Amino acid sequence: MAEGKACSCRKRFRGGASGYNCSFENKQLSDPVMQEHYTPSSIESAAQTKWEKNQVFRAIEDTSKPKYYCLCMFPYPSGKLHMGHVRNYTIGDVLSRYHRMQGYNVLQPMGWDAFGLPAENAAIANKVPPAKWTWDNIDYMRLQLKSLGFAIDWERELATCSPDYYKWNQWMFLRMLEKGIAYKKTQVVNWDPVDMTVLANEQVIDGRGWRTGALVEKREIPGYYLGITQYAEELLGDLDKLEHWPERVRLMQANWIGKSTGVRFAFPYELDGEAGQLWVFTTRADTIMGVTFCAVAAEHPLATHAAKNNPELAAFIEKCKHGSVMEADMATMEKEGMPTGIFVSHPLTGEQVEVWVGNYVLMSYGDGAVMGVPSHDERDFAFAKKYGLPINQVVGMEGKEYSLDAWQEWYGSKDGACVNSGKYDGLNYSAAVDAIAADLIAKNLGEKKVQWRLRDWGISRQRYWGCPIPLIHCDDCGTVPVPDDQLPVKLPEDCVPDGSGNPLLKRDDFLKCTCPKCGKPARRETDTMDTFVDSSWYYARYASPDNADAMVDERADYWMPVDQYIGGIEHAILHLLYSRFWSKAMRDLGLVSYDEPFKRLLTQGMVLNHIFSRRTDKGGIEYFAPEEVTAETDEKGRILSVKSSVDGLPVDYQGIGTMSKSKRNGIDPQALIEQYGADTARLFMMFAAPPEMTLEWSDSAVEGSFRFLRRVWKLAHDHISTGIVPAYTSGDLPAELKALRFQLHTLIQKVADDYGRRQQFNTAIAAVMEFLNAFAKADLKSDAGKAVAQEALETIALVLSPIVPHIADALWNELKPGSDILDQAWPKVDPAALVQDEIELVVQVNGKLRSNIKVAKDASKEVIEAAALADENVQKFVNGAPKKVIVVPGRLVNIVA
RNA sequence: GCCCGGGUGGCGAAAUCGGUAGACGCAGGGGAUUCAAAAUCCCCCGCUGAAAGGCGUGUCGGUUCGAGUCCGACCCCGGGCACCA
């Protein structure tokens with residue numbers, strides 16, 4: 001059903017597009033004179049129709065050219081494009097079109113990250129099946145993307161909610177199951193006791209369910225995990241190979257993976273006559289002599305045991321089990337604990353140490369228990385102070401006094417040496433760790449261990465709108481994988497979730513099946529996969545989107561890895577790490593041959609806008625779009641108070657944040673495109689800020705981008721209306737034209753550097769604007785002037801074409817009739833144009849700018865120094881002989897007086 | 001709380017390797033053109049000062065002939081924190 005839908009809408013679009021393509025050709029024939037005014041709507045539809053008709057962006061494997069696979073993160077089909085999408089896809093389009101001009105065989109595909117929670121929310125709100133809502137959104141957003149004129153190969157379009165696609169999620173999951181990469185264990189989820197449903201983190205607001213307002217509970221349920229930790233070492237090590245990734249992303253991933261080498265050791269104990277061991281992990285084994293307590297997670301077996309005859313402790317444990325599962329909440333909440341009355345022996349001293357239950361100890365990290373060294377761990381220090389536990393200093397630093405009054409930074413330092421630690425006294429950090437580890441190992445109570453912060457990836461979701469996990473539950477055979485020839489397990493597309501649990505549980509036609517092993521009636525798994533699974537390999541599927549028999553084929557060997565990946569910085573960790581892991585898993589199954597899927601990464605900054613909200617009476621949050629509120633501001637423009645324009649009641653201002661559908665603060669680019677055209681929208685987004693930086697939305701500057709395009713059009717029109725001529729190639733020129741050509745050819749270099757190496761487009765645009773200012777001022781009426789004007793205008797069309805392809809196409813049609821700008825190579829720099837005789841240097845005295853001097857390009861240091869000292873203005877600030885003169889070739893002279 | 005970014009005129013920003021702070025644009029002011037308006041073109045536009053000059057890149061301190069850029073401490077804003085995508 002999903003597939004049929006996709007096909008029909010593609011046909012619909014093509015039919016619609018061909019309806020107006022004849023107007024373009026008619027205009028060419030009947031109206032050979034260039035329009036005086038810039039009219040984006042006709043220019044843009046003409047260019048887009050031509051591109052679509054000639055299929056110019058179809059990517060075909062061609063080993064005679066270097067390939068360039070340029071990929072933007074595919075959008076979630078939320079309904080409309082927002083400015084973040086325009087930014088993302090324009091960056092990708094500029095890079096794609098630029099590389100095409102540089103001779104690459106370019107692939108730029110597009111698809112839809114089509115499973116996910118918002119479709120279920122929409123279903124709850126509007127009673128529309130998620131499938132219909134999603135496919136309708138895709139149809140609309142595809143049209144929006146097409147109206148922006150991106151050089152996309154639409155033949156490769158995919159949607160993750162199509163069974164053609166998610167069949168391979170299921171197939172891959174079964175292979176991972178066979179290899180032991182996928183496995184089952186319990187997971188902790190947010191449970192809404194009123195709706196009897198699992199909530200996503202974003203559906204929990206201040207510990208309460210978003211719809212019911214009920215206090216959310218933590219609940220342990222079984223789920224499937226992918227063993228990403230099996231790849232932890234490689235995922236960390238290979239970060240070094242990703243030299244074209246931003247350093248900050250590699251850093252974030254390395255910290256996330258979090259390799260720490262330490263010691264895992266045990267506190268022996270005897271409980272009800274039975275011997276046991278409480279295992280903990282620490283990176284600070286050197287402080288082990290300072291242990292004054294141990295803390296275990298609420299779910300730890302010792303806690304459970306102690307709670308049996310201790311109702312107070314049982315209540316505390318119950319309280320710990322409530323509340324959030326989010327790390328941010330865990331880290332900021334008040335650290336609380338309660339003693340269990342159970343004592344364990346210190347493994348080295350034999351001293352008795354009491355075990356506490358701590359709400360800050362995570363069962364999922366390490367062994368679910370930690371040693372407490374309040375003297376040298378800030379969290380333990382606060383905990384000990386709160387509960388009056390002893391604090392024994394065991395690390396000292398020369399010249400530093402240990403005081404129990406307040407925590408000091410150096411207490412946690414690894415730069416000190418052991419004190420009050422018996423035979424370990426005087427040892428530094430690493431020597432102490434080694435000695436203590438050796439002693440623990442000798443006692444059979446410890447081991448050196450590498451601990452990872454990275455946890456295995458839980459992929460089970462108790463939700464409807466996702467890829468079904470291909471398993472069958474049989475009373476006799478247990479959990480049985482769905483055989484490959486029965487894939488895909490198709491999701492029924494007519495369900496309408498109502499917020500109270502997974503609607504698949506009510507669908508007998510989905511649930512009921514026969515056991516593949518014994519043939520008896522059995523029940524299908526109703527959990528679906530995390531949508532990060534869908535996005536972990538779509539980039540590879542674009543290479544072979546039509547293959548019904550294999551996940552990927554040999555065409556992936558041609559296109560992969562992705563040469564340039566572009567997406568929001570918010571994906572720096574999870575999506576990119578999961579994709580890297582999935583690639584390696586595919587490689588180990590022999591499906592692909594690359595180790596890393598993305599060669600070069602550009603992380604664009606988020607597009608931000610103001611967020612307005614109000615509490616609902618149930619304790620949930622209702623968001624207001626910026627146009628639905630009126631704000632009062634102070635003289636500096638800061639928001640003081642906000643009211644709803646509808647009911648006039650106060651609204652909370654939540655500050656600035658990323659544009660998102662859920663927060664209702666997105667700006668729809670449609671109005672912008674309709675008013676100014678796609679080229680202006682594209683130009684403005686590229687001009688407003690460098691791609692990596694966050695961008696606070698403001699629509700006041702759009703006008704300037706439009707004005708610039710109109711100016712380009714007018715200058716070209718003025719030139720063309722007096723007759724086009726061959727572009728200048730060689731011959732003597734007057735100084736003014738020489739200077740203009742110097743600027744033009746510097747511009748070609750500058751823009752190529754900005755597009756290709758720096759990936760910074762705002763400065764490229766500024767450089768073209770600067771050149772255009774000079775061009776407009778120049779006198780180009782002579783024959784030589786006209787030839788240079790032709791050369792300049794052709795060059796401007798070429799260098800701007802990646803950013804504003806429609807106007808560039810139209811200008812090219814006028815400047816070089818009979819040829820297509822898409823077939824043109826990047827303009828060549830004329831070395832003769834770059835020759836300069838004189839250069840200007842800045843002269844500073846004591847680091848302060850005092851003058852400028854002109855010297856011959858190759859003037860010696862002595863000549864430059866003399867010229868600088870001879871300068872009238874410089875002499876005013878220099879009395880007598882200078883102490884020192886610094887000459888920076890080609891830049892400046894600094895005289896130290 | 002932890003990890004990662006960012007902070008420069010009224011505003012978006014530039015300064016790419018430590019070398020002219022504010023390119024380019026928006027907004028604003030003045031003028032030209034026009035019967036008028038739109039559009040366009042020209043000039044001004046960090047603060048201070050009559051000028052010479054002085055001050056100025058979140059705050060405080062340091063390194064350097066020279067710091068927006070490097071180092072240390074702090075403040076504010078944004079992103080991520082594993083079930084939003």
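First the proteins, then the strands, lettered A, B, ... as listed; each starts at 1. Not measured: the values here are computed from a predicted model.
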**Student:** When the ring planes of A/Phe581 and A/Tyr231 are compared, do they come out parallel, tilted or perpendicular, using 30° and 60° as the limits?
**Tutor:** perpendicular
**Student:** Just to confirm, is there a sub-4.0 Å distance from OP1 or OP2 of B/C2 to any side-chain nitrogen or oxygen of A/Asn255?
**Tutor:** no
**Student:** Say whether A/Asn773 and A/Arg711, considering side chains only, have a donor N or O and an acceptor N or O under 3.5 Å apart.
**Tutor:** yes
**Student:** Can you tell me if the side-chain N/O atoms of A/Thr763 get under 4.0 Å from OP1 or OP2 in B/A14?
**Tutor:** no
**Student:** Can you tell me how far P in B/C71 sits from the matching atom in B/A23, rounded to whole Å?
**Tutor:** 28 Å
**Student:** What is the separation between atom NZ on A/Lys848 and atom C1' on B/G54, rounded to the nearest whole Å?
**Tutor:** 8 Å
**Student:** Between atom CD in A/Glu692 and atom C1' in B/G80, what is the gap in whole Å?
**Tutor:** 16 Å
**Student:** Summarise how protein sits on nucleotides 39-49 of chain B as a single string, 5' to 3': B when a protein heavy atom is under 4.0 Å from the base, S for sugar-phosphate-only contact, - for no contact.
**Tutor:** SSS--------
**Student:** Is A/Glu692 paired with A/Arg248 through a side-chain N to carboxylate O contact shorter than 4.0 Å?
**Tutor:** yes
**Student:** When the P atoms of B/C24 and B/G31 are considered, how many whole Å apart are they?
**Tutor:** 24 Å
**Student:** Considering just the side-chain nitrogens and oxygens of A/Gln760, establish if one lies under 4.0 Å of OP1 or OP2 belonging to B/A23.
**Tutor:** no
**Student:** In whole Å, measure the gap between the P atoms of B/A21 and B/G72 for me.
**Tutor:** 26 Å
**Student:** Give a yes/no answer on whether the side chain of A/Asn773 brings an N or O atom under 4.0 Å of OP1 or OP2 in B/G25.
**Tutor:** yes
**Student:** Mind checking the P distance from B/G62 to B/G56? Whole angstroms is fine.
**Tutor:** 14 Å
**Student:** With sugar-phosphate meaning primed atoms plus P, OP1 and OP2, does A/Trp457 contact a base, only sugar-phosphate, or nothing at under 4.0 Å between heavy atoms?
**Tutor:** nothing
**Student:** Run the ring-centre check on A/Phe687 versus A/Phe708 and record whether the distance is less than 6.0 Å.
**Tutor:** no
**Student:** Over how many whole Å does the gap from A/Tyr578 atom OH to B/G80 atom C1' extend?
**Tutor:** 12 Å
**Student:** Name the orientation of the base relative to the sugar in B/G46: syn if the glycosidic angle is within 90° of 0, else anti.
**Tutor:** anti
**Student:** What interatomic distance, in whole Å, is found between C1' of B/U16 and the corresponding atom of B/C55?
**Tutor:** 28 Å
**Student:** Where does RNA chain B form stems of at least three consecutive Watson-Crick or G-U wobble pairs, each pair having both distances below 3.5 Å?
**Tutor:** B:1-7 with B:75-81, B:10-12 with B:24-26, B:28-32 with B:40-44, B:46-48 with B:53-55, B:58-62 with B:70-74
**Student:** When the P atoms of B/G10 and B/C81 are considered, how many whole Å apart are they?
**Tutor:** 36 Å
**Student:** Measuring to OP1 and OP2 of B/G66, would you say a side-chain N or O of A/Asn846 lies under 4.0 angstrom away?
**Tutor:** no
**Student:** Is it true that a side-chain atom of A/Arg284 and a backbone atom of A/Gly412 form a donor plus acceptor pair closer than 3.5 Å?
**Tutor:** yes
**Student:** With a non-hydrogen cut-off below 4.0 angstrom, is A/Val896 in contact with a base, only sugar-phosphate, or nothing?
**Tutor:** sugar-phosphate
**Student:** Send over the distance from A/Met693 CE to B/U16 P, rounded to a whole Å.
**Tutor:** 13 Å
**Student:** Can you see whether A/Asp530 engages A/Tyr578 through a side-chain donor-acceptor pair at a distance of less than 3.5 angstrom?
**Tutor:** no
**Student:** Distance check, C1' atoms only: B/G12 and B/A67, in whole angstrom units.
**Tutor:** 25 Å
**Student:** To the nearest Å, how far apart are A/Ile573 CD1 and B/A82 C1'?
**Tutor:** 9 Å
**Student:** Whole-Å distance between B/C4 C1' and A/Met606 CE?
**Tutor:** 14 Å
**Student:** Please tell me which of the listed nucleotides, B/A23, B/G79, B/A82, lies nearest to the side chain of A/Glu770?
**Tutor:** B/A23
**Student:** Please measure how far the C1' atom in B/G78 lies from the corresponding atom in B/U34, and state the result in whole Å.
**Tutor:** 49 Å
**Student:** State the syn/anti category of B/C17 according to its glycosidic angle, syn meaning within 90° of 0.
**Tutor:** syn
**Student:** Would A/Arg664 count as a cation-pi partner of A/Tyr623, with NZ or CZ less than 6.0 Å from the six-membered ring centre and within 45° of the ring normal?
**Tutor:** no
**Student:** In whole Å, I'd like the distance from the CZ atom of A/Arg87 to the P atom of B/G12.
**Tutor:** 14 Å
